[in-house]
There are 2 protein chains.
Amino acid sequence: MAPPLALTLGDPAGIGPEIALKRWLARKDGDPAFFLLADPDATSRAARALGFDAPLARVAPEEAAGAFARALPVVPLGVAYEGAPGRPSRADAAATVESIRRAVALVREGRAGAIVTNPIAKKPLYEAGFPHPGHTEYLGALATELWGAPARPVMMLWSETLAVALATVHIPLAEVARSVTREGVVAVGRIVARDLVARFGIARPRIAVAGLNPHAGEGGTIGREDLETVAPAVADLRAEGIDARGPLPADTMFHAKARAGYDAALAMYHDQGLVALKTLAFDQGVNVTLGLPFVRTSPDHGTAFDIAGRGIADDSSLAAALRLAARLARATAP
Amino acid sequence: MAPPLALTLGDPAGIGPEIALKRWLARKDGDPAFFLLADPDATSRAARALGFDAPLARVAPEEAAGAFARALPVVPLGVAYEGAPGRPSRADAAATVESIRRAVALVREGRAGAIVTNPIAKKPLYEAGFPHPGHTEYLGALATELWGAPARPVMMLWSETLAVALATVHIPLAEVARSVTREGVVAVGRIVARDLVARFGIARPRIAVAGLNPHAGEGGTIGREDLETVAPAVADLRAEGIDARGPLPADTMFHAKARAGYDAALAMYHDQGLVALKTLAFDQGVNVTLGLPFVRTSPDHGTAFDIAGRGIADDSSLAAALRLAARLARATAP
């Protein structure tokens, strides 16, 4: 039996506990078993407050798969937290962070098959002294620490309709042009190609690389970067035997006919790729981190503090994240 | 009877003549009458070369509507050109430019209801000494010259699914952040609001303004421009009684549920808006220029020199451009 998936707590003041409970309540035969890394008592309180009839099982990871049919398996975190819905607090930060660390460690130990992360908020973590820029960077640091080799995490948004990886992520638009480098695009393209083979089982992935500028620079008349940075990066990737093409005008590369020609798009910046993905597959997108020595997926939404505790959160992106994590973990099981 | 639409020649080495002929051949009862501003002999030659059985009528604009049922009305340009398919030439530039000028003049004189422009290419025009940055800027200059008042053209891409106007257009991405100003966003938003009322007949248009940065800057942590430039511009627009909202995270503003909440989106730059539009409505998009004293639409594609003369060009965007021009001209007829 495949090891269960480890689902992190996320920010306990957000919708993470609610969607974890909802997902367990909506489980069907054949759904991948998962356990929540949380405090069992706090999770019970959250379930009662939401009016959910969801029995919990306090388990070790090895017992989660067996318990999953009758109760939501909770692996105790050993760190207390408040988790008042809609009221994020720096006092909850230690539990949020420990949940992520434990999940990665359990995968490293072979006791979990992959990790699925509930959303976190940066502000309470920063206030509590969290030294990493964000979730993904922390996972990269844990990978380096626990596997002993540097990791370069790459953010890819995946849906049945479109997969798009990003060369740059959460930086101001004013910094994008100078942050897109030939070496960076090559490094990201290489990781995308490798993980599409190793984790997604695509024998010869086709990668469509977006141009940085409108019309991919139109031969240099709208910026030189596509000629001088992106095109050479695509050539480098091709020289390594990777089926990359581009730079392509971003506006015409995401319609249905264009999408049929590639397995993943590589966008140069956040909105270029995510406008396409979320326009096509809002609520069905999964955030998957490539370039790590383990499988990590995440629902493609935030903590949603504004609706936390009201029972109205949508668990469909978490459902997709769990399904994808199980699929990728199977494909890469030793 | 409404005055006919004036369809410009565009670059005669591109697909303009072909899609004009195709559109006339595919005409149905109730389609808006249009005339082509071109050389009748050259147009005849183009039709024969394509194997199209399309009779032409050499007419004055006033005769076009009456002739439309039996022949493609051509208003003679009086400027010769070669128009060799796929071989753009500076020798064709004078005809391309004169066709645009005549179309605008005919609207000014009340002899045409609106102008629909076939695609042009900048290179042959620049080589022939054309002093304007592009099509739209030339139309702005003609508006100023013929109406005697300054015009600020605003590019909007329109489809049945989504309408999106742009605060900046064909500039390198590296210049976008500094080109987006409070005054500029206000000026564009004001024109969009005014023309949605005056031309589209929307009594109280709702305008969704995109943030410049990912997540609309996330409270200033991903760039300050959304706080310091875009938000004040939205406030200025609201103070004028315009129902503008934003800055909104661009990635989550274009899915179906979000689109239901506004009449037009205002994107800060080219790919932010056009990735959404062309992903949703490729081949159905119409380029409509707001802020002019006349109605101008255009198919949302280029000259397509690579397929010119082969009879395979798709006239669906031109069809949509003609339909929209007729609708807007009716709404704004004196």
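Residue numbers begin at 1 in each chain, while the letters A, B, ... track the order of the sequences.
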I'd like to know which of A:Q272, A:R178, A:H215 tops the heavy-atom pair count under 4.5 Å against chain B.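 Winner by heavy-atom pair count: A:H215.
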Leading residue by heavy atom contact count with chain B [cutoff under 4.5 Å; candidates A:L277, A:T279, A:D283, A:L274]: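 Maximum pair count with chain B is reached by A:T279.
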Among B:I222, B:V176, B:D226, B:V169, single out the residue with the greatest number of heavy-atom pairs under 4.5 Å to chain A.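 So the answer, after comparing B:I222, B:V176, B:D226, B:V169, is B:I222.
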Name the option with the most non-hydrogen atom pairs under 4.5 Å to chain A; the candidates are B:M268, B:E175, B:K278.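 Counting heavy-atom pairs under 4.5 Å, the top option is B:K278.
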Parallel, tilted or perpendicular: rings of A:H255 and B:F282 (30°, 60°):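 Ring orientation of B:F282 relative to A:H255: parallel.
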Interface moiety of A:I171 toward chain B, non-hydrogen atoms closer than 4.5 Å: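 It is the backbone, since no side chain atom gets that close.
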Sort A:E225 into side chain, backbone, both or neither according to what part of it lies under 4.5 angstrom from a heavy atom of chain B.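 Side chain only.
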Is there a side chain to side chain contact (heavy atoms under 4.5 Å, CB included) between A:D251 and B:H270? Walk through the geometry before answering. CA-CA 8 Å; A:D251 57 347; B:H270 186 277; 3.4 Å; yes
Do you know which two heavy atoms are closest between B:A177 and A:A174, and how far apart they sit?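 B:A177 and A:A174 have their closest heavy atoms at CB-CB, 3.5 Å.
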With a 6.0 Å cut-off (strictly less than), is the heavy-atom count around NZ of A:K123, excluding the residue itself, greater than 12?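 No, not enclosed.
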Is the backbone N or O of A:L173 less than 3.5 Å from a side-chain atom of B:N213, with the two atoms forming a donor-acceptor pair by type?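 The answer is yes, because a donor-acceptor pair under 3.5 Å joins these two groups.
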